[in-house]
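Not measured: the values here are computed from a predicted model. One is the number of the first residue; the rest follow in order along the sequence. The basis for the numbers below is simple: all heavy atoms, side chains too, and nothing from hydrogens, waters or symmetry mates.
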Amino acid sequence: MKKLLMIGTLLTLLCAPCEAQQKIRDVFIQMPESLLPYLTENNRLDFIDFMDSNMKAEVHNELGGKSEMLSLTDESLALQLSHSLKVEMRLVPVAEAVDSCQQVVCMISTYGTDAPESKIEVYSVKWNPVDVSAHLSLPEGPYIAEFKEAPHPSVGLSLRKVNALDPIAFEEQKEEFLWLKYIEWKP
């Protein structure tokens, strides 16, 4: 009887909805290696330990280079995975629960140095893909994305148009910071 009660309690805890707000550090540790093949689970744990100890959070990645965690808060983190790849993640609220949680992970990957381009992906806190178009209206062409502070609980993104095929136009855009649009997360 005790065994059945313990099994029932364990199953209830495992299947319980995500009532408490998640922290990005916990979600990041659980991230499948296939989404960031640069980093192992140990690398991700080392990043967090280094940040908690106020040390430079730098690890040797799986491609033989160095990766660095640039920032870590309860809601967001930023990584410089290589010279030409930066990844930012932020937990954002959603109106309808996704995988039993009222939050999802919005991830911006920015590739390149001379003519960078961003890609935005959205995942549940259990790392199941979520349809980006349900929450964001993204432009058709290439862009550079950045998180911007917005009135709580909203999250804003600034998108700057990129013309990678015309380096002169790109340099002019970079200097002028002409933003294509500012969008807010639709919870």
D74/R25 under salt bridge (charged side-chain N to carboxylate O under 4.0 Å, His left out): CA gap, chis, key distance, verdict = CA-CA 7 Å; D74 286 347; R25 68 178 50 226; 5.1 Å; no
Going through the distances and angles, do V87 and I108 end up as a side chain to side chain contact (heavy atoms under 4.5 Å, CB included)?
-> CA-CA 6 Å; V87 173; I108 300 173; over 6 Å; no
Are the side chains of S109 and E121 in touch, meaning some heavy atoms are under 4.5 Å apart?
-> yes
Residues L77, F28; criterion side chain to side chain contact (heavy atoms under 4.5 Å, CB included); working and verdict = CA-CA 9 Å; L77 64 81; F28 180 61; 3.7 Å; yes
For the atom pair NZ (K119) and CE (M107), what is the distance rounded to the nearest 0.5 Å?
-> 7.0 Å
Take C106 and I120 through the side chain to side chain contact (heavy atoms under 4.5 Å, CB included) test and state the conclusion after the steps.
-> CA-CA 7 Å; C106 185; I120 297 175; 3.9 Å; yes
Could you tell me whether the side chain of S53 and the main chain of M55 form a donor-acceptor pair under 3.5 Å?
-> no
For V105 and S124, work out which heavy atoms get closest and say how close.
-> CG2-O, 4.2 Å
Establish whether L63 and M69 are linked, either directly or via other cluster members, by ILVMFWY side-chain heavy-atom contacts under 4.5 Å.
-> yes
Is there side-chain contact between E62 and Y38, with at least one heavy-atom pair below 4.5 Å?
-> no
Is there a chain of hydrophobic side chains (I, L, V, M, F, W, Y, each step under 4.5 Å between heavy atoms) that links M51 to L70?
-> no
Student check: side-chain heavy atoms of F50 and V59 closer than 4.5 Å | yes
Calculate, to the nearest 0.5 Å, the distance between atoms CD and OG belonging to E58 and S67 respectively.
-> 8.5 Å
Check against salt bridge (charged side-chain N to carboxylate O under 4.0 Å, His left out), E68 and K66 | CA-CA 7 Å; E68 183 178 0; K66 291 184 179 180; over 6 Å; no
Do T110 and L85 have side-chain heavy atoms sitting under 4.5 Å apart?
-> no
dist R44:CZ -> L39:CG (nearest 0.5 Å) comes out at 7.0 Å
T113 and H83, any side-chain heavy atoms less than 4.5 Å apart = yes
How many angstroms lie between OG in S118 and NZ in K86, if you round to the nearest 0.5 Å?
-> 10.0 Å
Does N43 use its side chain to pair, donor to acceptor, with the backbone of T40 at less than 3.5 Å?
-> yes
Where do A145 and L159 come nearest, in terms of heavy atoms and distance?
-> CB-CD2, 3.4 Å
Electrostatic pair R90-E75, nearest N-O below 4.0 angstrom = no
Taking side chain as C-beta onward, heavy atoms only, is M89 less than 4.5 Å from M31?
-> yes
Rounded to the nearest 0.5 Å, the CD atom of E88 sits from the CZ atom of F147 at a distance of 6.0 Å
Output yes when a side-chain donor or acceptor of W127 lies under 3.5 Å from a complementary backbone atom of V27, and no otherwise.
-> yes
How far apart are the C-alpha atoms of V132 and L138, what are their side-chain angles, what is the distance that settles it, and do they pass the side chain to side chain contact (heavy atoms under 4.5 Å, CB included) test?
-> CA-CA 9 Å; V132 175; L138 297 175; 3.6 Å; yes
Can you tell me how far CG of L72 sits from CD1 of I24, rounded to the nearest 0.5 angstrom?
-> 8.5 Å
Would you mind reporting whether Q102 and P93 have side-chain heavy atoms less than 4.5 Å apart?
-> no
Compare all side-chain heavy atoms of Y111 with those of S84 and state whether any distance is below 4.5 angstrom.
-> no
